[in-house]
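We count residues from 1, following the sequence as given.
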Amino acid sequence: MIELDDQQQAARDWFESLRTRICAAFEEIEREAGSDAAFAFTPWDRTDANGGPGGGGVRGQMAGKVFEKVGVNVSTVGGSFSPEFAANIPGAEEDPSFFATGISLVAHMVNPHVPAVHMNTRFLTTTKRWFGGGADLNPAIPYEEDTEAFHARLRAACAAHDPTFYPRFSKWAEEYFWLPHRAVSRGVGGIFYDYLEDHFDAHFAFTRDVGEAFLDIVPQLVRKRMDAPFTPEDMDRLLEFRGRYVEFNLLYDRGTLFGLKTGGNVDAILMSLPPLARWA
């Protein structure tokens, strides 16, 4: 086990409690659909590159009638970055020691009218300390009212803390969730933020509200669309969209890179990939 200070422990406890509540909410939706699907939880441990304990996490995954594949992972890891990777991490240039705890979620849906969703929030410690994360909506078949509802809920979460947060972080999401090789967005956006440092209590409160916003709005959107009829053409759109999703996660996603570079559990890192996808 790695030792945690009070801030690290508080962040870890929150991410794990949010995981439990999200999984319960998604299982409840499966019950409403007449399914007994439930999350299977697989713990994993990590050995740091120096041979010492490096923490670990729990991979949670479910397949059901509504959620074709949903993963809700929590991890708490620590150790030392490689010299090459440390050069790219704030506060690790001269001291490569790090700590990271967070939650990462990706849901791929059976019905192509139900949007895929992603959420990740995290707390990192080097010689600096900061929160980062965000949430974004990824519909194969976009509905303007769903996009507006999702953004409105995130806008309200941001506004409770800083009037500049939503304009800044929604723009950051537009830029981040962009596939330059195809010149298209991965989805319809949301918020993305990083390097919120120095003010632990305020930024921890904001990060908690991002999680609460996600837990509030996503089940509403799923229930709204999960029984909609769909056609083979709709499924084609879904599978082609998922191909773009895979491209982003393997080529550009920071969380994927961080997990692989720090020796995380490969199955947990790549749980974001859909079970089926298509390329031309």
Q: With sequence neighbours left out, write down each residue that passes side-chain hydrogen bond (donor to acceptor under 3.5 Å, both in side chains) with E174, or none if nothing qualifies.
A: none

Q.
R46 and side-chain contact (heavy atoms from CB on, under 4.5 Å): which single residue from V77, T76, I2 fits?
A. V77

Q) Got a sec, which residues hit side chain to side chain contact (heavy atoms under 4.5 Å, CB included) with F85, two or more places apart in sequence or on another chain? A) F81, S82, I89, L257, F258, K261, T262

Q) Between the main-chain N or O of A135 and the side-chain N or O of N120, is there a donor-acceptor pair closer than 3.5 Å? A) no

Q) W130 vs Y195 aromatic rings, parallel, tilted or perpendicular, using cut-offs 30° and 60°? A) tilted

Q) Are any non-hydrogen side-chain atoms of V114 and V66 less than 4.5 angstrom apart? A) no

Q. S17: what forms a side-chain hydrogen bond (donor to acceptor under 3.5 Å, both in side chains) with it, not counting sequence neighbours?
A. none

Q. Salt bridge (charged side-chain N to carboxylate O under 4.0 Å, His left out) with E84: which residues, sequence neighbours excluded?
A. none

(Q) Tell me whether Q8 contacts the main-chain N or O of D5 through its side chain, where contact means a donor paired with an acceptor under 3.5 Å. (A) yes

Q.
Keeping N111 on the side-chain end and A228 on the backbone end, is there a donor-acceptor pair under 3.5 Å?
A. yes

Q | Check: S75 main-chain N/O paired with T101 side-chain donor or acceptor under 3.5 Å | A | yes

Q | Distance (rounded to the nearest 0.5 Å) between M226 CE and I29 CD1 | A | 6.5 Å

(Q) Could you see if L105 belongs to whatever hydrophobic cluster contains V58? Use Ile, Leu, Val, Met, Phe, Trp, Tyr and a side-chain cutoff under 4.5 Å. (A) yes

Q: State, with a plain yes or no, whether a side-chain heavy atom of D6 is found less than 4.5 Å away from one of F200.
A: no

**Q.** Side-chain heavy atoms of F15 within contact of T207, under 4.5 Å
**A.** yes

Q.
Could you see if V210 belongs to whatever hydrophobic cluster contains F26? Use Ile, Leu, Val, Met, Phe, Trp, Tyr and a side-chain cutoff under 4.5 Å.
A. yes

Q | Non-hydrogen atoms of G60 and F41 that approach each other most closely | A | CA-CD2, 3.7 Å

Q.
Would a single hydrophobic cluster contain both F177 and V184, if residues Ile, Leu, Val, Met, Phe, Trp and Tyr are joined by side-chain heavy-atom contacts under 4.5 Å?
A. yes

Q. Are F214 and V117 side-chain neighbours, meaning at least one heavy-atom pair lies under 4.5 Å?
A. yes

Q | side-chain contact (heavy atoms from CB on, under 4.5 Å) between R186 and Y176, intermediate numbers included | A | CA-CA 9 Å; R186 187 177 81 170; Y176 180 70; over 6 Å; no

(Q) Pair I22, M119 - check side-chain contact (heavy atoms from CB on, under 4.5 Å), show working. (A) CA-CA 11 Å; I22 289 174; M119 188 271 290; 3.7 Å; yes

Q. Partners of E32 by salt bridge (charged side-chain N to carboxylate O under 4.0 Å, His left out), sequence neighbours excluded?
A. R223

Q: Go through the structure and list residues passing side chain to side chain contact (heavy atoms under 4.5 Å, CB included) with S35, not counting sequence neighbours.
A: E30, A37, K65

(Q) If I compare all heavy atoms of F150 with all of V218, which pair ends up nearest, and what's the gap? (A) CE1-CG2, 4.3 Å

Q) With sequence neighbours left out, which residue pairs that include part of residues 232-243 fulfil the side-chain hydrogen bond (donor to acceptor under 3.5 Å, both in side chains) condition? A) E68-R242, H113-D234, T231-E233, T231-D234, D236-R278

(Q) For E145, give me all partners under salt bridge (charged side-chain N to carboxylate O under 4.0 Å, His left out), at least two apart in sequence or on another chain. (A) R225

Q) Would Y166 and I191 count as a side-chain contact (heavy atoms from CB on, under 4.5 Å) if you check the C-alpha gap in whole Å, the side-chain angles of each, and the deciding distance to 0.1 Å? A) CA-CA 7 Å; Y166 179 77; I191 60 170; 4.1 Å; yes

(Q) Clusters formed by hydrophobic residues whose side-chain heavy atoms approach within less than 4.5 Å: which one holds L270, and what are its other members? (A) V246, L250, L260, V266, I269, L273, W279

Q.
Any non-hydrogen side-chain atom of T42 less than 4.5 Å from a side-chain atom of N265?
A. no

(Q) Parallel, tilted or perpendicular: which one describes the rings of F206 and F169, with boundaries at 30° and 60°? (A) tilted

Q: Would you indicate whether the side-chain heavy atoms of K69 and Q61 approach each other to under 4.5 Å?
A: yes

Q.
I want to check a possible cation-pi pair here: R254 against F192, using under 6.0 Å from ring centre and within 45° of the ring axis as the test.
A. no

Q) To the nearest 0.5 Å, how far apart are CG in D136 and OG in S170? A) 12.5 Å

Q: Under the side-chain hydrogen bond (donor to acceptor under 3.5 Å, both in side chains) rule, collect the residues that match up with N88, sequence neighbours excluded.
A: none

**Q.** Inter-residue atom distance F165.CZ - C158.SG, 0.5 Å rounding
**A.** 7.5 Å

Q | Under-4.0 Å salt bridge between R21 and E212 | A | yes

**Q.** Side-chain (E16) to main-chain (W14) donor-acceptor, under 3.5 angstrom
**A.** no

Q) T256 and D253: which non-hydrogen atoms are nearest, and at how many Å? A) N-OD2, 2.9 Å

Q: Kindly write out the residues that satisfy side-chain hydrogen bond (donor to acceptor under 3.5 Å, both in side chains) with S97, not counting sequence neighbours, or none if the list is empty.
A: D95

(Q) Within the 4.5 Å heavy-atom criterion, are H108 and Y245 side-chain neighbours or not? (A) yes

Q: Would you mind reporting whether Q220 and R153 have side-chain heavy atoms less than 4.5 Å apart?
A: no

Q: Could you list the residues that satisfy salt bridge (charged side-chain N to carboxylate O under 4.0 Å, His left out) with R122, not counting sequence neighbours?
A: D194

Q. When rounded to the nearest 0.5 angstrom, what is the spacing between CZ in R208 and OG1 in T121?
A. 11.0 Å

Q | Pairwise distance CZ(R19) to CG(N73) - rounded to 0.5 angstrom | A | 9.5 Å

Q: Over 60° means perpendicular and under 30° means parallel, so classify the ring planes of F99 and F123, tilted if in between.
A: perpendicular

Q. Could you give the distance from CD1 (I217) to CG (L215), rounded to the nearest 0.5 Å?
A. 11.0 Å

Q: Return the minimal non-hydrogen interatomic distance between P90 and T126, and the atom names on each side.
A: O-OG1, 2.7 Å

Q. If you look at every heavy atom in E94 and P96, which pair is closest and at what distance?
A. O-CD, 3.8 Å

Q | Closest approach of G134 to Y193 (non-hydrogen atoms, all atoms of both residues) | A | N-CE2, 3.8 Å

Q: I would like to know whether N249 and H118 meet side-chain contact (heavy atoms from CB on, under 4.5 Å); could you show each step before the answer?
A: CA-CA 11 Å; N249 279 32; H118 161 256; over 6 Å; no

Q.
Count I, L, V, M, F, W, Y as connected when their side-chain heavy atoms are under 4.5 Å apart, and connections chain through other members. Are L4 and F204 then in the same cluster?
A. yes

Q. Do V188 and L179 belong together in a cluster built from hydrophobic side chains that touch within less than 4.5 Å?
A. yes

